[in-house]
There are 2 protein chains.
Amino acid sequence: MESLGYENPRLDAIFGALSDPTRRAILARLAKGKASVNEIAEPFPISQPAISRHLKVLENAGLIAREVDEQRRLATIKGENLKAAAGWIDHFSQFWTTSFDQLDGLLAELQKDREDE
Amino acid sequence: MESLGYENPRLDAIFGALSDPTRRAILARLAKGKASVNEIAEPFPISQPAISRHLKVLENAGLIAREVDEQRRLATIKGENLKAAAGWIDHFSQFWTTSFDQLDGLLAELQKDREDE
DNA sequence: TGATTCCATAACAGGAACGTTATATACATA
DNA sequence: TATGTATATAACGTTCCTGTTATGGAATCA
């Protein structure tokens, strides 16, 4: 099962990628379908190299995949790693929405995850 | 309804706060209940001022609240803003449902929680 | 009062992040 | 072949982030 221990570089990268408004907007754009770098860059007031680097950050976080189409590089959304982020949040959100009775079980689960590392 | 536009400083702060493993661990600790700064700092190999600053980052992101108890400053989890992050992810996850199969139920639950507010 | 505990803030250093412009590379086309 | 288009990378500067040590303030206790 998914690790939820102290250190988790994958979550670092995912949340770090999501913390930038340009990158969130890029993901929003890609949610409508794959797009080339220039198509992605068009609405933003920053340079093309800056966009290329944002794309690399998203790629390193596993949030997008890239493919080659002639001289263009198309980017597509990759949902799996975003699921990891949603899963982390959801996991903890349970602590604030469930009764204290169930808290112990959830805590035991967390503890187990940490020990799995 | 919640804004999902290009810029959203609140999401910047929330995702930025979550991108650090120490801060995620602090939230995990606080999920077990309120704690003082020293109690929070105890398991970490970093100095108390460093912990104090992490707490300030979490507070600025609206992820924790603080209260005074004699000479101690207790911190508690504050779920609302974390739901904003979950909501952002959830919103876009609609487009990638293929890879979100097993999370659908949980996300629906989250959605319900948000509507209850 | 004086000492101790708990926590915050200031000042600083090292490195990461994000932007820029300039340039290189690869493919497409005339 | 020469040229234009699409994208990546290099080099650089500025700002932000995270840690440190030193210190200050408030509450507690001897």
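Throughout, protein chains are lettered first and strands after them, A, B, ... in sequence-line order, and every chain is numbered starting at 1.
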One character per nucleotide, please: for nucleotides 6-11 of chain C, 5' to 3', B when the base has a protein heavy atom closer than 4.0 Å, S when only the sugar-phosphate does, - otherwise.
SBBB--
Could you pick out which residue, A/Val57 or A/Glu70, lies toward the 5' side of DNA chain C when each is mapped onto its nearest nucleotide?
A/Val57
Donor-acceptor contacts under 3.5 Å from residues 42-53 of chain B side chains, at least two apart:
| from | atom 1 | to | atom 2 | distance (Å) |
| --- | --- | --- | --- | --- |
| B/Ser47 | OG | B/Ala50 | N | 3.4 |
| B/Gln48 | NE2 | B/Ser52 | OG | 3.0 |

Check whether B/Asp69 reaches the backbone of B/Arg72 with its side chain - one donor and one acceptor, N or O, closer than 3.5 Å.
no
Look only at the side chain of B/Arg29 and the backbone of B/Ala41, and say whether a donor-acceptor pair between them is shorter than 3.5 Å.
no
Listed partners of A/Lys56 passing salt bridge (charged side-chain N to carboxylate O under 4.0 Å, His left out), at least two apart:
none
Applying salt bridge (charged side-chain N to carboxylate O under 4.0 Å, His left out), can you list everything that pairs with A/Glu59, at least two apart in sequence or on another chain?
none
Would you say the side chain of B/Lys34 lies within less than 4.5 Å of the side chain of B/Leu74, judging by non-hydrogen atoms?
yes
Within this structure, what is the CG-to-C1' distance between A/Asp12 and C/dA17, rounded to whole angstrom?
15 Å
Considering residues at least two apart in sequence or located in another chain, which fulfil the side-chain hydrogen bond (donor to acceptor under 3.5 Å, both in side chains) criterion with B/Asn38?
none
Between which nucleotides of DNA chain D, read 5' to 3', does contact with chain B run, using atoms under 4.0 Å from its heavy atoms?
D/dT18 to D/dT28
Give me the one residue out of B/Thr22, B/Ile26, B/Ile64 that meets side-chain contact (heavy atoms from CB on, under 4.5 Å) with B/Ile40.
B/Ile26
